[in-house]
Amino acid sequence: MASTSAEIIAFLLTISGWVLVSSTLPTDYWKVSTIDGTVITTATFWANLWKACVTDSTGVSNCKDFPSMLALDGYIQACRGLMISAVCLGFFGAVFGLVGMKCTKVGGSDQTKAKIACLAGLIFILSGLCSMTSCSLYANRITSEFFDPSFVAQKYELGAALFIGWAGASLCIIGGSIFCFSIAENSTTPRRAYAYNGAASVMSSRTKVHTSVPADKAPPKHFDKNAYV
């Protein structure tokens, strides 16, 4: 029962993490920068993995999509690939996790389901690592440009999408680890052995009765003729 509850908790954690990671990919604010006036914010610059935009004080946004994928910086291409891989791995992890849980009717025996659940845990851990690496790589580029005194272009700060990605990756790794522990718990669970004693036959029971009779009480084989009088 405890293993089933742990698997349900792990499944909820991993699904929540996968949803957060998936929502991070199209989120706008991966990096953000503002230009403040004396009273109001005059402009807000923000960018993600697909486009760069600017929003003025009236709320009007002007965006420009990245023109060429091959002309992009290497870190943006790496972040795109890692985030797409994280989303795809999370989908397959959810399918394997649903099959490998004990509370479902598919998947075969308990040992087979435990192996499938362990595989789902490994996939979710890999998905979380991909998302964690992507967000960390993007954040490292932002911080290195921000603290570089020789960098004269527009400097950005960390956006909300990075924190959402880190949170989703952490949930995937935690839930995947719980899934992996399920196979160890199933392997240490002792099995009960039931011995079956077949019904004794009539001849064997009679043999036991005759052999249990003492020798001094056995009926005599030869009788005197007076015994019949």
Side-chain angles (χ1 to χ4, degrees), residues 2-32 44 46-53 55 61 63 65-66 69 72 75-107 113-143 156-183 185:
S3 178
T4 304
S5 302
E7 287 180 351
I8 294 175
I9 294 174
F11 186 75
L12 294 177
L13 289 176
T14 51
I15 290 299
S16 301
W18 177 56
V19 170
L20 290 178
V21 170
S22 301
S23 64
T24 302
L25 190 59
T27 302
D28 293 331
Y29 294 97
W30 277 64
K31 59 181 180 180
V32 61
T44 300
W46 49 274
N48 57 12
L49 299 178
W50 315 101
K51 59 186 177 180
C53 301
T55 304
S61 298
C63 297
D65 295 332
F66 295 140
M69 183 182 68
L72 288 175
Y75 78 99
I76 295 182
Q77 296 182 12
C79 290
R80 281 183 177 182
L82 288 172
M83 290 303 297
I84 293 174
S85 300
V87 174
C88 295
L89 288 172
F91 172 77
F92 289 108
V95 174
F96 284 116
L98 189 62
V99 173
M101 294 176 65
K102 290 183 179 180
C103 57
T104 57
K105 300 295 184 181
V106 294
K113 293 173 73 68
K115 293 179 181 179
I116 297 175
C118 182
L119 178 61
L122 293 176
I123 294 175
F124 273 119
I125 291 174
L126 186 59
S127 174
L129 291 176
C130 289
S131 177
M132 187 78 69
T133 304
S134 176
C135 295
S136 299
L137 181 62
Y138 200 92
N140 179 67
R141 182 60 178 262
I142 295 173
T143 54
Y156 291 87
E157 297 183 2
L158 303 180
L162 297 178
F163 298 99
I164 298 175
W166 281 325
S170 301
L171 291 177
C172 287
I173 293 174
I174 294 173
S177 301
I178 298 175
F179 266 129
C180 290
F181 285 133
S182 63
I183 189 171
E185 183 177 353

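Just so it is clear, the structure is predicted and the values come from calculations on it, not from any experiment. Numbers here are sequence positions counted from 1. Hydrogens, waters and symmetry mates play no part in the numbers below; they use all other heavy atoms, side chains included.
Taking both residues in full, the closest heavy atoms of Lys102 and Glu7 are given as N-OE1, 3.0 Å, listed atom of the first, atom of the second, then distance. Across all non-hydrogen atoms, the minimal contact from Leu89 to Ser127 is CB-CB, 3.8 Å. Of all the heavy atoms in Thr24 and Ile164, the pair that sits closest is OG1-CG2, 3.4 Å. Here the shortest heavy-atom pairing between Ser61 and Thr55 reads OG-OG1, 2.8 Å. What you find for Tyr138 and Ala47 is that their closest heavy atoms are OH-O, 4.2 Å. When all heavy atoms of Ile8 and Cys103 are compared, the pair lying nearest together is CG1-SG, 4.4 Å.
In this structure, Trp46 and Glu157 have side chains that are not in contact, with every pair of non-hydrogen atoms separated by 4.5 Å or more. Between Ile76 and Arg141 the shortest side-chain heavy-atom distance does not fall below 4.5 Å. Contact check for Val32 versus Thr44: side-chain heavy atoms found under the 4.5 Å cut-off. Using a 4.5 Å heavy-atom cutoff, the side chains of Cys180 and Phe124 are not in contact. In this structure, Lys31 and Leu162 have side chains that are not in contact, with every pair of non-hydrogen atoms separated by 4.5 Å or more. Considering only heavy atoms from C-beta on, Leu49 stays 4.5 Å or farther from Phe66 through its side chain.
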*Would you sort out whether Lys113 and Val99 count as a side chain to side chain contact (heavy atoms under 4.5 Å, CB included), showing the intermediate values?*
CA-CA 7 Å; Lys113 293 173 73 68; Val99 173; 5.5 Å; no
_Evaluate Cys53 against Cys63 for disulfide (SG to SG under 2.5 Å), listing each step before the verdict._
CA-CA 4 Å; Cys53 301; Cys63 297; 2.0 Å; yes
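The local environment of CZ in Phe96 is sparse, with at most 12 non-hydrogen atoms from other residues, nucleotides or ligands closer than 6.0 Å. Within a 6.0 Å sphere centred on OH of Tyr75, other residues, nucleotides and ligands contribute more than 12 heavy atoms. Counting non-hydrogen atoms of other residues, nucleotides and ligands closer than 6.0 Å to CD of Gln77 gives a total above 12.
The CD1 atom of Ile123 sits 11.5 Å away from atom CZ of Phe91, with the distance rounded to the nearest 0.5 Å. With rounding to the nearest 0.5 Å, the separation of CE in Met132 from OG in Ser170 is 4.0 Å. Atom CG of residue Leu129 and atom OG of residue Ser134 lie 12.5 Å apart, to the nearest 0.5 angstrom. Note that CD1 of Ile178 is 12.5 Å distant from CD1 of Ile173, once rounded to the nearest 0.5 Å.
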Distance-only check: which donor-acceptor pairs under 3.5 Å involve side-chain atoms of residues 9-19, not counting sequence neighbours?
residue : atom : partner : partner atom : Å
Thr14   : OG1  : Ala10   : O            : 2.9
Thr14   : OG1  : Phe11   : O            : 2.9
Ser16   : OG   : Leu12   : O            : 2.8
Trp18   : NE1  : Val87   : O            : 2.9

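The backbone N or O of Leu20 lies less than 3.5 Å from a partner atom in the side chain of Ser23, making a donor-acceptor pair. Side chain of Ser131 to main chain of Ala86: no donor-acceptor pair is present (N/O by atom type, distance under 3.5 Å, no hydrogens or angles).
Take Trp30 and apply the side chain to side chain donor-acceptor pair (under 3.5 Å) test, not counting sequence neighbours, and it matches no residue.
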